[in-house]
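Quick notes on the structure that follows.
If you read the sequence from its start, that first residue is 1, and numbering goes on from there. Computed from a prediction, not measured in an experiment: that's the story for all the values here. All heavy atoms count here, side chains included; hydrogens, waters and symmetry mates do not.
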Amino acid sequence: MDNNKNDVPRFYHDYNFMDSGDARPLRILSEYFGPQQRFEEFNVDDTIVFFGSARIQSKEVANKAMEEAKLTGEGEKKAKQLMRLSKYYEETRELARRFTEWSKTLDNDERRFVVCTGGGPGIMEAANRGASEGKGVNVGLNISLPFEQNENPYITRELALEFHYFFMRKFWFVYLAKAVLVMPGGFGTLDEFCELLTLIQTQKIKKKMPIVLYGADYWNKVVNFEALCEFGTISEEDLDLYLVTDSMDEAFDYVTKGLIEYSLETPGPML
């Protein structure tokens, strides 16, 4: 009987072992070293991160939904919501294009201030789409979820990364980011924004970076951070950690000025 030991898989090729609880530390490490290798391979030094809802659609999609609602007499409320929010898709797309074109003018062999998103539909798609239209590479940090999270087609293929662990995905958002734009979104967007502010407030993140809360009408209705200040649960200076605006020009100027002041001479990931 031929006992070929090569028929027995090594442990790192044994899927039963690699999917087990005992191998969890190896899976976590793979979501650190795998992305690191990819970013180094493509000379991605740092990023401009866009957070926002997966449910916000383009103006084209919203218009079609409204036309269908009028024809069928069903879904008009949802179509109106899509129409109302579609401007944020288009403005995200335009901002991402502007940032990409601006970053390409920087005299550097490395790729600086690359647009990065969560890789899915909605606002994430809009930002990746705008960066693609700006003829730049862009990053999508996708997460495996049972709904809503499908990789959008505008991500640079080699920089479309798939994560299992939310905390490893969040690590790569923050570690590479030199600026963050938070567009209208739901629980996930609030979670990402508030965790970012907590890390800055507690000085776990020491780098200075511009943060924009985009969509004043939306955010002023959804979250009352001034009330936290009034009750004394945050300090007045905490309200200066971010800019609230409805203006693409103001957001663009604020971010690029901050990047030039704080980050241009310090390429690479950092906390």
Side-chain angles (χ1 to χ4, degrees), residues 48-101 115-136 138-157 160 180-194 211-225 242-252 254-255:
I48 298 174
V49 172
F50 282 81
F51 293 136
S53 175
R55 303 185 184 190
I56 294 176
Q57 300 294 322
S58 68
K59 189 163 290 186
E60 180 184 10
V61 171
N63 285 334
K64 286 182 179 178
M66 181 57 74
E67 289 173 8
E68 186 174 344
K70 287 179 178 178
L71 283 173
T72 62
E74 296 179 356
E76 188 170 344
K77 180 181 177 181
K78 184 177 180 180
K80 285 180 178 179
Q81 289 175 333
L82 289 177
M83 288 288 292
R84 182 181 182 186
L85 292 175
S86 65
K87 69 173 185 174
Y88 294 117
Y89 181 106
E90 303 303 336
E91 289 171 5
T92 298
R93 178 179 171 185
E94 173 64 13
L95 277 168
R97 182 191 64 80
R98 287 194 201 180
F99 285 130
T100 300
E101 292 177 348
V115 166
C116 174
T117 78
I123 289 296
M124 295 171 279
E125 175 188 289
N128 291 123
R129 183 176 182 178
S132 178
E133 290 167 343
K135 304 289 191 292
N138 61 88
V139 178
L141 307 183
N142 204 20
I143 184 81
S144 301
L145 294 177
F147 57 88
E148 284 186 351
Q149 192 67 23
N150 298 310
E151 179 184 296
N152 73 67
Y154 300 102
I155 309 165
T156 300
R157 291 300 88 197
V180 176
L181 290 96
V182 185
M183 315 305 282
F187 289 147
T189 303
L190 283 166
D191 170 58
E192 290 156 343
F193 177 58
C194 289
I211 301 170
V212 174
L213 201 56
Y214 193 89
D217 180 57
Y218 178 86
W219 288 114
N220 288 336
K221 289 180 180 178
V222 170
V223 184
N224 189 348
F225 288 111
Y242 56 90
L243 169 73
V244 181
T245 185
D246 276 317
S247 166
M248 282 193 290
D249 290 339
E250 185 178 20
F252 180 81
Y254 180 77
V255 168

Handout entry: Sub-4.5 Å side-chain heavy-atom contact between Val139 and Val115
Key = no

Handout entry: Under the side-chain hydrogen bond (donor to acceptor under 3.5 Å, both in side chains) test, residues paired with Asn138 that sit two or more places apart
Key = Asn128

Practice task
Evaluate the criterion side chain to side chain contact (heavy atoms under 4.5 Å, CB included) for residue pair Val255 and Leu181; output intermediate values, then yes/no.
Solution key: CA-CA 9 Å; Val255 168; Leu181 290 96; 4.3 Å; yes

Fill in the blank from the handout: Sorted by chain and residue number, the side-chain hydrogen bond (donor to acceptor under 3.5 Å, both in side chains) partners of Thr156 (sequence neighbours excluded) come out as none

Exercise for the section: Measure across Glu151 and Ile155 and return the closest heavy-atom pair with its distance rounded to 0.1 Å. Expected result: CG-CD1, 3.7 Å

Completion exercise
side-chain contact (heavy atoms from CB on, under 4.5 Å) filter on Glu90, not counting sequence neighbours, yields Ser58, Lys59, Arg93

Handout entry: Verdict with reasoning, Tyr89 to Arg129, per side chain to side chain contact (heavy atoms under 4.5 Å, CB included)
Key = CA-CA 10 Å; Tyr89 181 106; Arg129 183 176 182 178; 3.0 Å; yes

Practice task
Find out whether Met83 and Asn63 are in side-chain contact, i.e. whether some heavy atom of one side chain is under 4.5 Å from a heavy atom of the other.
Solution key: yes

Handout entry: Phe50: ring-ring contact (aromatic ring centres under 6.0 Å, His included) partners, not counting sequence neighbours
Key = none

Completion exercise
Correct closest heavy-atom pair for Ala69 and Ala79 would be CB-CB, 4.2 Å

Problem - side chain to side chain donor-acceptor pair (under 3.5 Å): pairs with one or both residues in residues 66-81, sequence neighbours excluded - result: none

Exercise for the section: Would you mind reporting whether Leu95 and Arg97 have side-chain heavy atoms less than 4.5 Å apart? Expected result: no

Practice task
Write down the atom of Ala54, the atom of Met124, and the distance for their closest heavy-atom approach.
Solution key: CB-CE, 3.8 Å

Completion exercise
Tyr242 meets the ring-ring contact (aromatic ring centres under 6.0 Å, His included) criterion, sequence neighbours left out, with Phe193, Phe225

Handout entry: Pairwise side-chain contact, Pro184 with Ile56, heavy-atom cut-off 4.5 Å (strictly under)
Key = yes

Problem - Smallest separation among heavy atoms of Asp246 and Gly215, with atom names - result: OD1-CA, 3.2 Å

Handout entry: Counterpart residues, side-chain contact (heavy atoms from CB on, under 4.5 Å), relative to Arg98 (two or more places apart)
Key = Glu94, Met248, Asp249, Phe252

Problem - Pairwise side-chain contact, Leu141 with Thr117, heavy-atom cut-off 4.5 Å (strictly under) - result: no

Completion exercise
Heavy-atom closest pair (Arg55 atom, Ser53 atom, distance to 0.1 Å) is N-OG, 2.9 Å

Exercise for the section: Could you tell me which residues satisfy side-chain hydrogen bond (donor to acceptor under 3.5 Å, both in side chains) with Gln57, sequence neighbours excluded, listed by chain and number? Expected result: none

Exercise for the section: Please identify each residue that fulfils side-chain contact (heavy atoms from CB on, under 4.5 Å) with Lys221, with sequence neighbours left out. Expected result: Arg84, Asp217

Practice task
Can you sort out the partners of Tyr154 under side-chain hydrogen bond (donor to acceptor under 3.5 Å, both in side chains), two or more places apart, ordered by chain and number?
Solution key: none

Exercise for the section: Using atom types as modelled and distance alone, determine if a side-chain donor or acceptor of Trp219 lies under 3.5 Å from a backbone N or O of Tyr214. Expected result: yes

Exercise for the section: Applying salt bridge (Lys or Arg N to Asp or Glu O under 4.0 Å), name anything that partners Asp191, two or more places apart in sequence or on another chain. Expected result: Lys170

Handout entry: Donor-acceptor contact below 3.5 Å, side chain Asn152 vs main chain Pro121
Key = no

Handout entry: Closest non-hydrogen atom pair, Ala96 against Ala131
Key = CB-N, 3.8 Å

Problem - Any side-chain heavy-atom pair of Val180 and Phe51 under 4.5 Å - result: yes

Problem - Intermediate values then yes/no, side chain to side chain contact (heavy atoms under 4.5 Å, CB included), Val182 and Val212 - result: CA-CA 6 Å; Val182 185; Val212 174; over 6 Å; no

